[in-house]
Amino acid sequence: MRLILVRHGQTPSNIERLLDTGAPGPGLTDLGMAQAAALPQALGHEQISGVYASNLVRTQLTATPLADALAQPIEVRDGLREISAGSLEMRGDSESIQAYLRTVYAWVQGDLSLQMPGGPDGAETLGRFDEVVAELQRTGLETPVIFSHGAIIRAWATARARNVGPDFIVHNTLSNTGIVVLESRPAAGGPAWELLTWQGEAVGGSALEDPDTDGPAADDVELAP
């Protein structure tokens with residue numbers, strides 16, 4: 001299966017740098033709507049077989065232009081929602097953002113038992129995304145598109161792709177309506193995922209380093225929901 005993950009368009013909370021992860025969440029800014037409108041052309045070369053979105057308003061608004069162009073419904077799945085900020089919800093101070101980032105980074109390093117302050121642990125968070133992906137694989141879809149969120153896309157792709165290491169999440173940002181492509185390959189114990197492209201750039205055996213980042217501290221606005 002060829003799996004396409006797309007981050008939602010810009011929201012007011014993105015501009016204000018807030019950890020806004022609750023449902024239904026904000027809508028899109030004018031720029032966010034324009035970003036969404038550009039996606040049918042950006043994905044026009046793909047043979048898309050299904051359109052999925054989280055239960056948050058911003059992903060469904062972002063998915064609408066593509067779904068309309070394809071004359072396909074948007075299938076909503078709660079498991080695709082953003083990583084919960086727990087007790088850090090709607091905070092934008094540096095300390096809260098760093099706590100959020102440290103927790104997510106620990107998850108991709110393998111510490112799935114660690115809990116977000118006042119929120120779920122990594123096993124639950126990545127597991128719910130896994131369940132949706134497994135559902136799509138069972139249905140036999142060849143190229144589904146999932147509209148989701150910055151932190152969960154970066155965390156899930158980093159944790160599940162066998163051709164990148166944990167630091168990939170540190171060195172690679174994901175802009176609003178950024179596109180990520182993975183492909184599953186048969187392997188012992190279940191399908192193995194390979195990360196093919198990240199925002200249009202091919203991914204090899206090592207991370208695509210962003211020279212403007214310096215670890216999780218420098219990347220707060222892009223990892224934030």
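Not measured: the values here are computed from a predicted model.
Counting only distance, with no hydrogens or angles, the side chain of N163 and the backbone of E194 share no donor-acceptor pair below 3.5 Å. Between the side chain of E82 and the backbone N or O of A151, at least one donor-acceptor pair lies under 3.5 Å. Using modelled atom types, one side-chain atom of S148 and one backbone atom of L80 make a donor-acceptor pair closer than 3.5 Å. Without hydrogens or angle criteria, T177 side chain to A36 main chain gives no donor-acceptor distance under 3.5 Å. A donor-acceptor pair is defined here as one N or O able to donate and one able to accept, closer than 3.5 Å; such a pair exists between the side chain of S49 and the backbone of T143. Q60 places a side-chain N or O within donor-acceptor distance of the main-chain N or O of S54, the cut-off being under 3.5 Å.
Annotation: the span from W107 atom CH2 to L114 atom CG amounts to 7.5 Å, rounded to 0.5 Å. Remark: H149 NE2 to T11 OG1 distance equals 10.0 Å, nearest 0.5 Å. Separation of atoms CD1 (I179) and CG (L43) is listed at 4.0 Å; rounding is to 0.5 Å. To the nearest 0.5 Å, atoms OG1 (T103) and CG (L88) are separated by 7.5 Å. A distance of 7.5 Å separates CZ in F147 from CD1 in I74, rounded to the nearest 0.5 Å.
Pairing each heavy atom of R58 with each of T21, the nearest pair is NH2-CA, 4.2 Å. Annotation for L18 and M90: closest pair CD1-CE, 3.7 Å, computed over non-hydrogen atoms. When every heavy atom of P26 is checked against every heavy atom of P12, the shortest pair comes out as CB-CD, 4.2 Å. Taking each heavy atom of T125 and P120 in turn, the nearest pair found is OG1-CG, 3.6 Å. Taking each heavy atom of R185 and L196 in turn, the nearest pair found is NH2-CD2, 3.9 Å. Annotation for P166 and T158: closest pair O-CG2, 3.7 Å, computed over non-hydrogen atoms.
Applying the side-chain hydrogen bond (donor to acceptor under 3.5 Å, both in side chains) criterion to E75, with sequence neighbours excluded, gives no partner residue. The ring pair (Phe, Tyr, Trp, His ring centres under 6.0 Å) search around W156 returns F129, W193, not counting sequence neighbours. Residues that satisfy the side chain to side chain contact (heavy atoms under 4.5 Å, CB included) test with A123, not counting sequence neighbours, are L112, D121. Annotation: side-chain hydrogen bond (donor to acceptor under 3.5 Å, both in side chains) contacts of S96 (sequence neighbours excluded): R91, D93. For A23, the side chain to side chain contact (heavy atoms under 4.5 Å, CB included) test picks out N55, L56, with sequence neighbours left out. Applying the side-chain hydrogen bond (donor to acceptor under 3.5 Å, both in side chains) criterion to Q199, with sequence neighbours excluded, gives S175. For E142, there are no side-chain hydrogen bond (donor to acceptor under 3.5 Å, both in side chains) partners at least two apart in sequence or on another chain.
Residues in residues 122-132 take part in these salt bridge (Lys or Arg N to Asp or Glu O under 4.0 Å) pairs, two or more places apart or across chains: D130-R160. Within the structure, every pair that satisfies the side-chain hydrogen bond (donor to acceptor under 3.5 Å, both in side chains) test and touches residues 29-39, not counting sequence neighbours, is listed here: Q10-T29. Judged as a salt bridge (Lys or Arg N to Asp or Glu O under 4.0 Å), the pairs with a partner in residues 33-51 (not counting sequence neighbours) are, in order, R2-E46.
With contacts defined as side-chain heavy-atom distances shorter than 4.5 Å, the pair Y100/I83 qualifies. Inter-residue side-chain proximity for I146 and L136 is flagged as met; some heavy-atom pair is nearer than 4.5 Å. In this structure, N176 and N14 have side chains that are in contact, with non-hydrogen atoms separated by less than 4.5 Å. Looking at M116 and S84, their side chains never come closer than 4.5 Å, going by heavy atoms from C-beta outward. For the pair Q137 and L3, the minimum side-chain heavy-atom distance is 4.5 Å or more. Contact annotation: the side chain of V133 approaches that of M1 to within less than 4.5 Å [non-hydrogen atoms, C-beta and beyond]. By the 4.5 Å heavy-atom criterion applied to side chains, E95 and Q98 are not counted as neighbours. When side chains are defined from C-beta on, R154 does not count as touching R7, because their heavy atoms never get closer than 4.5 Å.
Under a hydrophobic-cluster definition in which Ile, Leu, Val, Met, Phe, Trp and Tyr are linked whenever side-chain heavy atoms come within less than 4.5 Å, directly or via other members, V132 and V145 are assigned to different clusters. By the criterion of side-chain heavy atoms lying less than 4.5 angstrom apart, applied directly or through intervening Ile, Leu, Val, Met, Phe, Trp or Tyr residues, F168 is grouped together with V108 in one hydrophobic cluster. Residues I152 and L182 are members of one and the same hydrophobic cluster, defined by side-chain heavy-atom contacts under 4.5 angstrom among Ile, Leu, Val, Met, Phe, Trp and Tyr. Y52 and I48 are not part of a single hydrophobic cluster, where members link through side-chain heavy atoms under 4.5 Å apart. Under a hydrophobic-cluster definition in which Ile, Leu, Val, Met, Phe, Trp and Tyr are linked whenever side-chain heavy atoms come within less than 4.5 Å, directly or via other members, W198 and I4 are assigned to different clusters.
Listed by chain and number, the hydrophobic cluster partners of L61 are L28, M33, V57, where partners are ILVMFWY side chains within reach of under 4.5 Å, directly or through others. Other members of the cluster containing I15 do not exist, because no ILVMFWY side chain is joined to it at under 4.5 Å.
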